[in-house]
Protein chains: 2
Amino acid sequence: MTSATGGSQPKYWLIAVNLGEAINGGRYVAGSRLPGENDIMREHGVARATARQALAQLVNWGLAEARKGSGIYVREFRPIVRDGIERLGPSTWPAGASVWAAETEGREMAVDQLEVAQADAPGHIRALLGLADGGRAVLRSRRYVLDGKPVLLSRSWLPTAIAAGSPITQPDPGAGGIYARLAELGHAPVRFREDLRSRMPQPTEIERLALAPGTPVVEICRIAFDAGGTPVEANEMTADASAYVFRYEFDR
Amino acid sequence: MTSATGGSQPKYWLIAVNLGEAINGGRYVAGSRLPGENDIMREHGVARATARQALAQLVNWGLAEARKGSGIYVREFRPIVRDGIERLGPSTWPAGASVWAAETEGREMAVDQLEVAQADAPGHIRALLGLADGGRAVLRSRRYVLDGKPVLLSRSWLPTAIAAGSPITQPDPGAGGIYARLAELGHAPVRFREDLRSRMPQPTEIERLALAPGTPVVEICRIAFDAGGTPVEANEMTADASAYVFRYEFDR
DNA sequence: AAGTGGTCTAGACCACTGC
DNA sequence: CAGTGGTCTAGACCACTTA
């Protein structure tokens with residue numbers, strides 16, 4: 001194994017690629033234990049730091065996770081499907097299975113860390129909501145926890161001019177949620193835009209979402225418009241990418 | 001700086017968090033140079049490996065990139081918007097040369113590594129297209145390059161029963177692309193489903209997309225249905241997450 | 001108690017960049 | 001040519017898991 005493909009690639013990389021191919025090739029089942037640092041040192045005749053570097057690659061690729069005092073294990077991917085469109089009304093089309101095995105049934109979604117406040121909206125939110133400089137907004141912030149694992153952070157901004165004095169400013173906005181309250185206020189959301197991007201998480205997100213190393217987050221920014229085209233809500237969400245598949249279905 | 005917040009966190013982590021906050025706080029402009037390994041060793045009184053570990057965190061968080069022989073620099077994020085719905089409307093696909101014309105906005109999108117072949121579809125594609133065991137499919141595979149930087153890999157599968165003998169099996173399917181050809185064959189796509197997930201890239205994807213460390217990929221699996229509800233195309237795409245924002249707009 | 005991964009030090013040589 | 005990051009070695013101590 002000392003000289004393999006081209007010879008120009010570093011040892012730790014070759015070791016990591018070998019192990020990665022073994023995982024993807026199914027030679028290690030999800031959840032099973034991989035060779036540890038000592039095994040790699042012995043098998044490949046390398047120093048400890050080199051073996052660690054190889055394993056760090058597998059962790060960064062999202063293929064493995066380290067458990068202190070125990071070993072390195074193959075990660076699993078069991079996402080839930082978040083349907084961006086059909087959520088609002090069932091269609092006549094057959095509900096297709098996802099490419100990626102997704103299991104929603106029997107899993108409990110809970111809400112956590114709920115906070116409601118009035119605040120000065122940051123610049124990009126003001127621009128999205130069409131608020132004047134210093135325009136204030138209602139911020140509803142919360143965390144979603146699936147089977148004990150936090151999976152989504154949500155920060156929902158609504159113009160104070162619309163929401164002030166309504167149940168929207170209460171922790172529990174009542175049956176139907178804030179969209180039902182907006183409808184009662186004459187601002188029923190009828191059009192939505194969702195922008196998605198993915199990136200690696202920041203330390204605060206790593207902590208709040210309890211993210212394993214090698215896990216990206218997906219940022220979703222949803223804007224809801226009423227019938228007059230006025231933006232009535234901007235919802236910034238941060239999702240654990242290993243927990244979600246995002247689905248959009250549309251015609252034409 | 002030797003003892004900061006709680007005291008329980010490792011040195012390299014505190015150094016990385018400090019630098020990360022400095023970047024997010026705007027104290028380092030995008031593209032500017034960060035303190036190097038020697039600077040950190042001197043300023044924090046740590047060994048070389050510890051300084052490297054701190055900088056590796058910044059790279060893994062996607063905040064910085066290392067340039068051999070030069071230094072460590074703050075990364076920039078300049079994505080293009082991929083509109084998942086308006087893009088596939090009837091006004092764009094019969095006429096436009098490619099779906100990308102609407103999105104590139106002055107930047108140059110090229111196609112690369114184009115391959116067309118007939119192949120045995122893998123199991124998950126067979127399931128999505130409703131193909132029998134051993135059912136063959138046409139595979140159109142290509143790479144999109146934006147301003148010299150590869151940004152998207154695409155593997156499009158079509159049932160041989162539909163596509164065989166048509167221009168779809170040619171490298172250049174003609175004006176309007178394969179969707180116009182499918183329409184001529186009586187299988188005009190009228191409904192689409194896109195499933196998105198994000199994960200860290202594998203070595204082959206790192207190479208084909210020339211990905212910087214700390215960059216996730218977004219996998220998009222799009223399925224196109226004709227008016228009869230028959231799936232006529234499954235397109236597996238792999239995008240450089242730092243190059244894209246995915247946009248979906250919908251009513252109700 | 002033995003084994004594991006996590007952190008850290010103190011060296012070394014290399015390839016590359018920039019002046 | 002001096003400085004940079006990339007790779008690698010050979011140690012050390014720690015906290016944690018498992019049996």
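Listed by first and then second residue, the side-chain hydrogen bond (donor to acceptor under 3.5 Å, both in side chains) pairs that reach into residues 19-33 of chain B are Gln202(A)-Asn24(B), sequence neighbours excluded. Note on residues 198-223 of chain B: no pairs pass ring-ring contact (aromatic ring centres under 6.0 Å, His included), not counting sequence neighbours.
Under the rule for a side chain to side chain contact (heavy atoms under 4.5 Å, CB included), the partners of Arg48(B) that lie at least two apart in sequence or sit in another chain are Glu37(B), Asn38(B), Met41(B). Qualifying side chain to side chain contact (heavy atoms under 4.5 Å, CB included) partners for Arg143(B), counting only residues two or more places apart in sequence or in other chains: Asp112(B), Gln113(B), Val145(B), Pro150(B), Leu153(B), Arg208(B). Applying the side chain to side chain contact (heavy atoms under 4.5 Å, CB included) criterion to Arg126(A), with sequence neighbours excluded, gives Ala121(A), Leu131(A), Asp133(A).
Between the CD1 atom of Ile72(A) and the C1' atom of dG3(C) there is a distance of 14 Å, given to the nearest Å. dG6(C) atom P lies 7 Å from atom CD of Glu37(A), rounded to whole Å. Following rounding to the nearest Å, Met41(B) (CE) and dT4(D) (P) show an atom-to-atom distance of 11 Å. Taking atom CG on Asp39(B) and atom C1' on dG5(D), their separation rounds to 12 Å, with Å as the unit. The distance from atom CD1 of Ile15(B) to atom C1' of dT7(C) is 12 Å, rounded to the nearest whole Å.
With hydrogens and angles disregarded, a donor-acceptor distance shorter than 3.5 Å links the side chain of Ser198(A) to the backbone of Val217(A).
Note on Asn38(B): every side-chain N or O is 4.0 Å or more away from OP1 and OP2 of dG3(D).
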Which parts of nucleotides 8-19 of chain D does protein reach within less than 4.0 Å, heavy atoms only, written one letter per nucleotide 5' to 3' as B for base, S for sugar-phosphate only and - for none?
SB--B---BBS-
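Here Leu55(B) lies out of heavy-atom contact (under 4.0 Å) with every strand.
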